Q: 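One structure follows; several queries about it will come next.
As the structure is a computational prediction, the values presented were derived from the model and not from experiment. All ligand and atom numbering here is 1-based and tracks the order in the structure. Hydrogens, waters and symmetry mates are skipped; everything else that's a heavy atom, side chains included, is used. The first residue in the sequence is number 1, and the count goes up from there.
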Amino acid sequence: MHHQWLLLAACFWVIFMFMVASKFITLTFKDPDVYGAKQEFPFLTTIPELEKWREEKHLPKELKPTGKVLSGNHLNQPLVHMERLELLKNVCQDAALRNLSHTTVSKFVLDRIFVCDKHKILFCQTPKVGNTQWKKVLIVLNGVFSSIEEIPENVVHDHEKNGLPRLSSFSDSEIQKRLKLYFKFFIVRDPFERLISAFKDKFVHNPRFEPWYRHEIAPGIIRKYRRNRTETRGLQFEDFVRYLGDPNHRWLDLQFGDHIIHWVTYVELCAPCEISYSVIGHHETLEEDAPYILKEAGIDHLVSYPTIPPGITVYNKTKVEHYFLGVSKRDIRRLYARFEGDFKLFGYQKPDFLLN
Ligand SMILES: *[C@@H]1O[C@H](CO)[C@@H](O)[C@H](O)[C@H]1NC(C)=O
Ligand SMILES: *[C@@H]1O[C@H](CO)[C@@H](O)[C@H](O)[C@H]1NC(C)=O
Ligand SMILES: *[C@@H]1O[C@H](CO)[C@@H](O)[C@H](O)[C@H]1NC(C)=O
């Protein structure tokens, strides 16, 4: 008799766990540049759906809704992030870099920042570091959709419908309140590798659903910056670098509208010296940084993460050298002169192998 009651209680517990587990969400991570077009790997993993859990209910050891076990690296995480913020603070105060590290918190910046009111999180979007996946997490956490799979692709970037408002949609006092009180984060990667990634993604692979890169932006850059008039190929990395390094680039930027978010500096996107971010993740250490961000944001019990395949986010010097091979030293130095703020603020090494 006693055993039957125990069994019944155990059954209720298992059912309860299934219901809890069904609330968890899934994520996949995509970076066509590093991982080959279309290839995806799970990044913040999804705890399987209710049905799958039911099938597995006779295997109680599967019930643990956690990702991988914490590794020793995590013990040093707070220190690493404190040092990053300390470096940022110091570089922000460097008068010689003032023009490269400071910007006004304009509507352009407020447009980049997404708001999760439910969990008091602000996320500044920096393309090419898995941002769509972070946005999906926040959309689910905000509650308009109950799982990542339910969000239609076309709604991820439609902020009227996805319940993930931009900070710019609030009144001044509401903006100030959120900037002061919320957990704020964004992700960066090596500035030159990021530009290569943007170039490949927007001008080489050139997604069909984004025709403006090939038909408007590339011709605009070629008209102004191509030296070799007999060259008829599409936009070359060399042209792109010359445009980015031109101190008068703003003239073209204005015509390109918000598409410039793929190549303007992190300073211009997120105003890291004006807004006191809680955590700045690095793409190169995403395996440690992603779980740290989830934990610090207080959402690690809602979202889990699996192992990121080793080496996949590592900085590739060979690739950087290859892309800059045909670019003149003068143009590379001008490019560095514009992105020096990003290199120094986030602790990326000056690429002397390209500059000298
Ligand atoms: C910063 O920009 C201002 C205005 O464009 C300019 O006058 C000043 O010389 C610049 N400072 C440095 C250190 O480049
Ligand atoms: C200009 O481009 C053409 C066509 O690609 C090429 O054959 C030629 O060598 C280039 N000239 C220079 C000076 O790079
Ligand atoms: C680095 O990039 C080069 C050229 O794109 C590629 O052949 C190589 O496999 C990459 N190395 C790593 C470790 O990913």
Side-chain angles (χ1 to χ4, degrees), residues 28-43 68 71 73 126-133 187-207 213-215 217-246 252 262-263 281-290 305-336 339 342-343 346-356:
T28 53
F29 180 91
K30 228 189 329 193
D31 185 343
D33 169 46
V34 183
Y35 319 122
K38 297 279 182 269
Q39 189 186 346
E40 290 186 16
F41 70 90
F43 163 52
K68 62 173 201 164
S71 74
N73 285 338
T126 50
K128 302 295 332 133
V129 286
N131 280 272
T132 301
Q133 310 313 323
I187 316 273
V188 298
R189 71 188 289 187
D190 175 86
F192 280 3
E193 228 187 12
R194 167 190 172 228
L195 294 176
I196 291 170
S197 182
F199 175 77
K200 276 172 70 176
D201 193 37
K202 299 305 176 198
F203 300 107
V204 180
H205 299 310
N206 186 237
Y213 291 106
R214 174 164 297 176
H215 296 300
I217 295 178
I221 296 173
I222 290 170
R223 259 197 306 277
K224 189 152 194 284
Y225 294 101
R226 178 155 291 174
R227 290 244 181 79
N228 184 349
R229 289 290 152 193
T230 56
E231 175 64 81
T232 53
R233 287 179 298 174
L235 188 73
Q236 300 297 296
F237 191 63
E238 186 189 355
D239 308 317
F240 190 55
V241 167
R242 208 171 291 127
Y243 151 58
L244 295 175
D246 180 0
L252 266 190
H262 297 285
W263 50 79
H282 284 205
H283 182 68
E284 293 82 358
T285 52
L286 199 61
E287 193 174 355
E288 290 99 47
D289 290 4
Y305 54 95
T307 313
I308 296 169
I312 220 152
T313 56
V314 173
Y315 174 76
N316 187 337
K317 186 178 167 188
T318 311
K319 185 177 73 183
V320 174
E321 280 173 329
H322 171 78
Y323 269 85
F324 280 95
L325 206 58
V327 186
S328 77
K329 294 284 176 210
R330 171 185 160 274
D331 291 337
I332 302 174
R333 289 198 195 104
R334 284 179 141 208
L335 184 71
Y336 181 75
F339 284 82
D342 281 4
F343 275 96
F346 309 115
Y348 287 101
Q349 212 174 7
K350 183 177 180 181
D352 284 321
F353 62 99
L354 298 174
L355 298 163
N356 299 320

Q: Please tell me if atom 13 (C) of ligand 3 is touched by the protein, where touching means a protein heavy-atom distance below 4.0 Å.
A: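 Not a single protein heavy atom is under 4.0 Å away.
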Q: Could you tell me whether atom 9 (O) of ligand 3 has at least one protein heavy atom nearer than 4.0 Å?
A: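 No, no protein heavy atom sits under 4.0 Å from atom 9 (O) of ligand 3.
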Q: Report yes or no: does R189 contribute a side-chain atom to a donor-acceptor pair with the main-chain N or O of E284 at less than 3.5 Å?
A: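 Absent.
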Q: Which protein heavy atom lies closest to atom 11 (N) of ligand 2, and at what distance to 0.1 Å?
A: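 Protein heavy atom with the smallest distance to atom 11 (N) of ligand 2: N228 ND2, 2.8 Å.
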Q: Taking distance alone, with no angle check, do N316 and ligand 3 share an N/O pair under 3.5 Å?
A: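 Yes; at least one N/O pair falls below 3.5 Å.
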Q: Could you tell me whether a side-chain N or O of Q236 sits under 3.5 Å from a main-chain N or O of G234, the two making a donor and an acceptor?
A: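 Flag set: sc Q236 to bb G234 pair under 3.5 Å.
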Q: Check whether E193 reaches the backbone of N316 with its side chain - one donor and one acceptor, N or O, closer than 3.5 Å.
A: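 Answer holds: yes.
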Q: Could you check whether any side-chain heavy atom of F324 comes within less than 4.5 Å of a side-chain heavy atom of F237, counting everything from C-beta outward?
A: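 Yes, close enough: below the 4.5 Å cut-off.
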Q: Roughly how far, to the nearest 0.5 Å, is OH of Y336 from CG of L354?
A: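 Going from the CG atom of L354 to the OH atom of Y336 covers 11.0 Å.
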Q: For atom 5 (O) of ligand 2, which protein heavy atom lies nearest, and how many Å away is it?
A: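 Nearest neighbour among protein heavy atoms for atom 5 (O) of ligand 2, to 0.1 Å: E231 OE1, 3.1 Å.
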Q: Hey, which atoms in ligand 2 end up nearer than 4.0 Å to a heavy atom of T230?
A: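 It comes down to these atoms of ligand 2: 1 (C), 2 (O), 3 (C).
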